[in-house]
Every structure is written in structure tokens, then in C-alpha cells.
Protein chains: 2
Amino acid sequence: MQKMPLPAVNEHIPHLAFDSVIFGFSGTQLKILIMEYHNTNIFALPGGFVKKEEHLNDAVRRGLKERTGLDNIYLEQFYTFGDADRQKPEAMRSILANNGLSPEKYSWMLERFISVAYYALINYQDVVPQPDALSDSCQWYNIDALPPLMMDHQLIVEKALETLRNNLDRKLAKGNMLPPKFTMKDLQNAYEAILGTPLLRTTFQRRMLSLEILERHEKQYSGGAHKAPFLYSFIKN
Amino acid sequence: MQKMPLPAVNEHIPHLAFDSVIFGFSGTQLKILIMEYHNTNIFALPGGFVKKEEHLNDAVRRGLKERTGLDNIYLEQFYTFGDADRQKPEAMRSILANNGLSPEKYSWMLERFISVAYYALINYQDVVPQPDALSDSCQWYNIDALPPLMMDHQLIVEKALETLRNNLDRKLAKGNMLPPKFTMKDLQNAYEAILGTPLLRTTFQRRMLSLEILERHEKQYSGGAHKAPFLYSFIKN
DNA sequence: TCAAAAGTGTTAACTGTACACCCATGT
DNA sequence: ACATGGGTGTACAGTTAACACTTTTGA
């Protein structure tokens, strides 16, 4: 697997970064992708920088592709974090040191950054996380069992989750968190994992159908000793 | 009235700006503050730049204070506009030329900017708009009769309005768009101006009271030949 | 025929809408 | 007393919640 080269100085807009909260769903658990830097025990959201003449949204799409191999993802910007003291220069210095990179040459990475945050909804099954040049792991973590994250990344995750919970109906339909066809039970599991509360099965079913965003397909015979559930897909428009 | 000096080079983070959509309410009309640059017929949202070590939110508060004289305003970030082609370098060049400023010295203002957009809700009555060094007017315009705006500022206004319309109940209560005490009619006028639709008086009243965000005060005797309305204020928490 | 899980019917509670009605006020 | 605008009562419709019931499936 090819590792991404570290970007050169001056290629990017200084002091501007993006971070992405990439949500996946394992069947019962809501998860996000977290990177660990080489030999540092420092965990962070996958992020990146914006090239001088690159559209911001394109930069994020590019970054996401580099880390997950996935293209054509539902991405939504939700907040820009701009506190002057969100940086932890010591942490970044140790990341550079542990990667044999001189702090002089990469001093721009130690400076203050304003970060535009995005969230993505992707299918957990499809992703083979690819660590980049700086990191030695890029892994799924349960949303309620995250490692300690660097800087204000914990806050970013919380705000992403809060945003996701609002108008979940529209958002889940646009993303790719579920496979193309899924049962009503799958959908309910996703809702429950995201909202963090149990829902009534019958009420849930009727509410989903009343939204008129689901298309009903053939039944799925699971081999289980019970009525086979219908498969559904989102009506894309 | 003191005009603001033009900021020096290198004081600010390059390629990063903010724009603010400042909403005011005149009694029946929703308005926003628009600046016109000297001798250019170019209209823009009031905006500014972020200093190297300044918190983003502070930068916006500072910019707003410079232009409206108002402090302690309800400000909310709603989107970051990052298309690479949102700039119109020709327009900025002509602004500089018409102000006797050399494009060489201020070339950083011609470059690509990513802009973090905020909206504010303020009391129209309280504001004496103060044009800054670059502009010769800073005026209220009805939301449905804006002059043609530079760059993507029209889009920014539309997105601000869309954001404001969502969860208006919470937002109006936090802002200062209405005076400290107001009648139910005032409140309804504000809602109608923002949402752009007429509302039923009786239904509106009951809905507002059920939100439990209003405190009822003494009645207001207007001199009109009719029952005096109660005054209300928002319960701040 | 039984247990498990899916799907549907039914009713009661709640919420929102529309409109009627009553109340206070200055002329 | 009456016209004007503010406040409340009420009835109806639409939506949601809770639970009972039926259906399908494999053992």
C-alpha cells in the first residue's frame, strides 16, 4: 500500500486546515475514523490542508480519498474552529521529531491553524483505512470509546455528532452509512446508535414509511425462523 | 466620526476573511447592513480579516464593533465559503485604485480568500452605521431590495437567511433584534418579516407562550382605542 | 406446532389550526 | 355605544405513541 508523501512548504494556504469526522456504522455501533501518529500515542481526526488554488470542498474530498480510498462521499461542512489557542505546538513537535522531520523545515505545521470541520457518512464495510505518511494507524473506534484526542478534536467530534443528530432523516438518506439495500431493523439500529436512545419498533417503522424516502424491494430470507423482512433502499433525488 | 485605519500587511492571516450578515428589524421590515466602497458602486457585506494570534470569534466581534459601534452582540457562525473562484480580483483592484492605494502594496487583498460567515441579530434602532476607511457608506437595506453585491455575497445572504429561519424560536430569543420589552404584535411582525409569510394571530400567540421563553410584564397603553397589549421580554438563560 | 421476528390495526393522547367570542380602551 | 385590536375558549383535524394482534418462517 502506497503511503502519501508529506506535503511541501508553500504549497498550501498557511494557518488553514480541515478536519473530518468520518462516521461509519458496524451493524450496532456508531464508529469514527481516528489516526495515530507514529510512535507518539497521539490520536487525531484525519485532516489536511488546502492548496493555494484549490476549492475548500475539493481539498476535503481529496483528503478523504487519501485516507479511505473512497470517492464520491456525502460530506458536509458543519463548523469552523478558530480559537487562537487550540494548537498544541509541543504535540506537533513531538510528532515531527518521531518522524525524523526537522521542526525548522516544517515550522508551518507548528503554527496556529484555523480548521474547517466536515463530517462524512460512509459504509463501514467498504473502507480499508490507509495510514498516510505521518500516521501508523487509521482505525475505526466506537463513538463512546474514543482514545484521548489531540487539541480540540474531542470537541469537534461532539459538535459533529450534535449536528448529525439534527435532521437525521434527511442526512442518513443522503449518506452511504447503510448498504444499498437494508432492512427496517438495520435502519432502526443505525438510528439508535446515532441518537443513543432506544426506539419503538412499530412506531419507527411507520414514521420511516411516512417520510416517503424509502423504496421497498424483495424480502430477505435470512434462514432465521421468522417472517422475512422487506429490503429497502433510499429514494435518491 | 473617526475612520478606521487600513490594516497593515502581515498583520493578518493571509487568504482568510470573515463576512457578517447583520440583521436588523425596523418594525415591519427585515434589513441587513451593506457597505459601499468609495466611488466604485461596489456593494459588499461588512467583513474583515483575522489577526495572526486573534481568536476567530473575537475578530468578528471586533469587526462588527468597528462598523456598528455595538458591543456584546449575538453572533453565530453559519458557514465557511471556500470556493477558489469566489474572488473577483478586478473589483478589488478598482476599489484600491479609487482609494489611491497601490495594488502592489495591497496585493494580498487581491488574492484568494476563504471566508467564514457569521450572522448577527441587532436592534435596528440602536445602530449608527460607521463607514470605515474603505467605504463611504454603511447602510440598512431591506432584505428584498438589496443592491447587487460583489463576489458571492448574495449567496452568503441567502444562506444566512435560510439558517436564521431554522429554529427561529431559539435564535430570536438570544439576539437583540427586538427592544428589551415588546408586544406580541411586535414579535409577530418580526417572525413574519423573517419567514416571509403571514401568521395567524391567535395561533401565534399561543405557540409563543407555550415555548416558555417569554416573560409577561405590565400592559402598554398606546393611546389607541383598544385593549392595551401586554409587554413581554425574553427569559434569558 | 412453536418461538421468533416482521408487519398491520386500533385506540387514546397530544398538538396544531381555525374561528368564535369576549374584553379593554379612547373617541 | 361603538369601533378597534388584544386575549382566551373551543372544537375539529392531523399526528404520534402504545400495545394488541396477525403473519411468516425454520426448527
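Residue numbering restarts at 1 for every chain, and letters A, B, ... go by the order of the sequence lines.
- For the segment residues 210-219 of chain A, the set of residues with a heavy atom within less than 4.0 Å of an atom of DNA chain D is empty.
- Spacing between atom CZ of B/Phe230 and atom C1' of C/dA24 amounts to 10 Å, rounded to whole angstrom units.
- In this structure, the NZ atom of A/Lys227 is 6 Å from the P atom of D/dT24, given to the nearest Å.
- Applying the side chain to side chain contact (heavy atoms under 4.5 Å, CB included) criterion to A/Asn166, with sequence neighbours excluded, gives A/Lys171.
- Whole-Å rounding puts the A/Gln188 CD to C/dG7 P distance at 11 Å.
- For the pair B/Asp186 CG and D/dG6 C1', the interatomic distance rounds to 13 Å; values are reported in whole Å.
- Within residues 200-209 of chain A, the residues approaching DNA chain C are A/Arg201, A/Thr202, A/Gln205, A/Arg206, by heavy-atom distance under 4.0 Å.
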Inset, instruction - Go through the steps to decide whether A/Asp186 and A/Phe25 satisfy the test side chain to side chain contact (heavy atoms under 4.5 Å, CB included), and finish with yes or no. - result: CA-CA 10 Å; A/Asp186 295 336; A/Phe25 176 65; 5.7 Å; no

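- Protein atom CG of B/Leu231 is 18 Å distant from nucleotide atom P of D/dG5, rounded to whole Å.
- With hydrogens and angles disregarded, a donor-acceptor distance shorter than 3.5 Å links the side chain of B/Arg165 to the backbone of B/Ile194.
- Between the CZ atom of B/Phe182 and the C1' atom of D/dG6 there is a distance of 16 Å, rounded to whole Å.
- Listed for the B/Gln154 side chain is no donor-acceptor partner under 3.5 Å among the backbone atoms of B/Pro148.
- Side-chain contact between A/Asn176 and A/Phe234 is absent, with no heavy-atom pair separated by less than 4.5 Å.
- Atoms CG (A/Leu199) and P (D/dT16) sit 14 Å apart, rounded to a whole Å.
- Between the side chain of B/Ser20 and the backbone N or O of B/Pro46, at least one donor-acceptor pair lies under 3.5 Å.
- Remark: side-chain polar atoms of A/Arg86 are not paired, donor with acceptor, to backbone N or O of A/Met151 under 3.5 angstrom.
- Taking atom OH on B/Tyr221 and atom C1' on D/dT4, their separation rounds to 16 Å, with Å as the unit.
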Legend entry - Intermediate values then yes/no, side chain to side chain contact (heavy atoms under 4.5 Å, CB included), A/Phe78 and A/Ile156: CA-CA 10 Å; A/Phe78 65 94; A/Ile156 296 178; 3.9 Å; yes

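- Counting only distance, with no hydrogens or angles, the side chain of B/His153 and the backbone of B/Ala44 share no donor-acceptor pair below 3.5 Å.
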